[in-house]
Amino acid sequence: MPQRHSKNNNDLAFFTYEEKRKLGYGTQRERLGKDSIKPFDACCLCLKPLIDPLACPKGHTFCKECILECLLAQKKDIKRKLIAHDSQKRQEKEEEEEKLTLQKSKELDAFDQQNHGAVPQYYDRSGSQDKNGFHGANSVKTTSFEEEALRTMKAFWLPSATPEATVKVDAPSTDTICPEGQEKLKLKSLFPISFTEENARQKSNKSVEKSYICPSCKSNLTNTMSLVAISTCGHVFCKKCSDKFIATDKVCLMCNKPCKERNLVNLEKGGTGFAAHDDHLEAKNFKHLGSGSGLGLVKPAPKA
């Protein structure tokens, strides 16, 4: 089959549009396929089909083993940071006590030398000796405000601001966070969910993957549908059935367990790839050919 000459022409002194496009020039538009979108029944951590699924109050779903390992790793990291912070505070306290002891010893030595020495010598509060022997209005001293400013100044020529200076560890937060939504998450706030699997009679012989249905309207659950889980019993329904029956009757359609409006949790989904269905599809950055260096990266200007 003959090939297009414009796509294989590489002996020109300038870049063609096809060559620029291969380097990432211009706006790149691509519709995501099914393999690039997380299904509604996939774990947010391992991206595999859910095993013993648990959901957080914000609707993110996880495998039980994945979320427990994640929270345990966060607990260990918080414990390690707390130990490092406590050791740093202990070290700072020891250094402060050592400075006070050294300052007192300098003052005692200066007092003893001034009273028993042949020539009186004067020391200021910082412990430095005045070479000329002047003490009072003629001596230049830094005030406490200037000392504090010099101590907190971020300058590379100061010893405390050099890379060799000790890195201070801030007090860590003791709260575990959700790995997907980045909000506070506790183990007791997670609740198990259960999907209603399609019967073997209704399921086609060709389909190998598990397919789930809404137990009320018997429609197949997909990413195009908004799903609602009940935190008290864990059953999952479509949004239409939840608003029409569960929200009004205040009872689960599967187990007849009473529930309240706050027990209805909207489950997060991966999307469909269609702009008319999903939100927040605006690109964060785009590529262009930089002058002299080839490929660059520029962020778009915010909308007014």
Side-chain angles (χ1 to χ4, degrees), residues 32 35-99 151-156 158-195 223 227-234 236 262-271 278-285 297 299:
L32 298 178
D35 296 336
S36 303
I37 299 174
K38 186 185 81 66
F40 68 93
D41 58 341
C43 175
C44 293
L45 290 175
C46 65
L47 302 180
K48 295 180 181 180
L50 291 167
I51 301 175
D52 296 332
L54 295 176
C56 70
K58 295 295 182 180
H60 302 108
T61 55
F62 309 94
C63 296
K64 185 176 182 179
E65 183 178 358
C66 295
I67 190 62
L68 291 182
E69 287 182 356
C70 180
L71 295 179
L72 181 60
Q74 291 186 32
K75 285 286 187 181
K76 289 182 179 179
D77 189 42
I78 291 172
K79 187 176 180 180
R80 179 184 58 81
K81 290 181 179 179
L82 286 174
I83 292 174
H85 182 66
D86 293 341
S87 63
Q88 177 183 324
K89 289 176 62 177
R90 197 181 308 111
Q91 184 179 0
E92 289 179 355
K93 187 176 180 180
E94 292 175 358
E95 290 178 357
E96 189 68 25
E97 292 177 355
E98 186 178 354
K99 286 182 181 179
R151 195 181 303 112
T152 58
M153 184 185 298
K154 295 182 179 180
F156 65 90
L158 294 178
S160 60
T162 54
E164 290 78 10
T166 57
V167 180
K168 291 190 175 181
V169 181
D170 297 331
S173 175
T174 57
D175 298 323
T176 54
I177 61 173
C178 176
E180 185 69 16
Q182 301 300 321
E183 68 270 357
K184 293 182 181 179
L185 178 64
K186 294 183 179 180
L187 182 60
K188 62 181 181 180
S189 62
L190 296 170
F191 61 93
I193 60 174
S194 60
F195 295 96
N223 278 17
L227 306 179
V228 177
I230 304 177
S231 60
T232 54
C233 60
V236 179
R262 66 171 180 267
N263 300 128
L264 302 178
V265 179
N266 296 322
L267 296 182
E268 293 291 334
K269 53 188 177 180
D278 301 322
D279 299 330
H280 307 292
L281 294 177
E282 184 180 358
K284 300 299 182 183
N285 50 48
L297 187 64
K299 293 184 179 181

What distance separates F62 CZ from L71 CG, expressed to the nearest 0.5 Å?
8.5 Å
Apply side-chain contact (heavy atoms from CB on, under 4.5 Å) to residues C44 and K38 and explain how you reach the verdict.
CA-CA 8 Å; C44 293; K38 186 185 81 66; 4.0 Å; yes
Counting only heavy atoms not in E97, do more than 12 sit closer than 6.0 Å to its CD atom?
yes
Do the non-hydrogen side-chain atoms of P192 and D52 ever get within less than 4.5 Å of each other?
no
First locate atom CG of N263, then atom OG of S231, and finally report the distance between them rounded to the nearest 0.5 Å.
4.0 Å
Rounding to 0.5 Å, atoms CG (L47) and SG (C63) come to a distance of 9.5 Å
Among V236, L50, L227, D41, side-chain contact (heavy atoms from CB on, under 4.5 Å) partner for T61
L50
Report, as yes or no, whether the 6.0 Å neighbourhood of atom CD on E95 holds more than 12 heavy atoms from other residues, nucleotides or ligands.
yes
Residues in salt bridge (charged side-chain N to carboxylate O under 4.0 Å, His left out) with K81, at least two apart?
D77
Reported SG-to-CD distance for the pair C46 and E65, which is rounded to 0.5 angstrom
9.0 Å
Side chain to side chain contact (heavy atoms under 4.5 Å, CB included) with E92: which residues, sequence neighbours excluded?
Q88, K168
Please give me the minimum heavy-atom distance between L45 and C70, naming the atom from each residue.
CD1-CB, 4.1 Å
For I230 and L264, what are the C-alpha separation, side-chain angles and deciding distance, and is it a side-chain contact (heavy atoms from CB on, under 4.5 Å)?
CA-CA 5 Å; I230 304 177; L264 302 178; 3.9 Å; yes
Smallest separation among heavy atoms of K64 and L54, with atom names
CG-CD1, 3.8 Å
For T176 and K75, work out which heavy atoms get closest and say how close.
CG2-CE, 3.9 Å
Go through it in stages, so that I can follow the logic: the residues are K58 and C178, the test is side-chain contact (heavy atoms from CB on, under 4.5 Å), and I'd like the CA-CA distance, side-chain angles, deciding distance and then a yes or no.
CA-CA 9 Å; K58 295 295 182 180; C178 176; over 6 Å; no
Output all residues satisfying side chain to side chain contact (heavy atoms under 4.5 Å, CB included) with R90, sequence neighbours left out; order by chain, then residue number.
D86, S87, E94
What's the shortest heavy-atom distance between C56 and L185, and which atoms?
CB-CD1, 3.8 Å
In terms of heavy-atom contacts, I78 and D175 come closest through CD1-O, 3.9 Å
I67 versus P179: any side-chain heavy-atom pair under 4.5 Å?
yes
Closest non-hydrogen atom pair, A55 against I193
CB-CG2, 3.9 Å
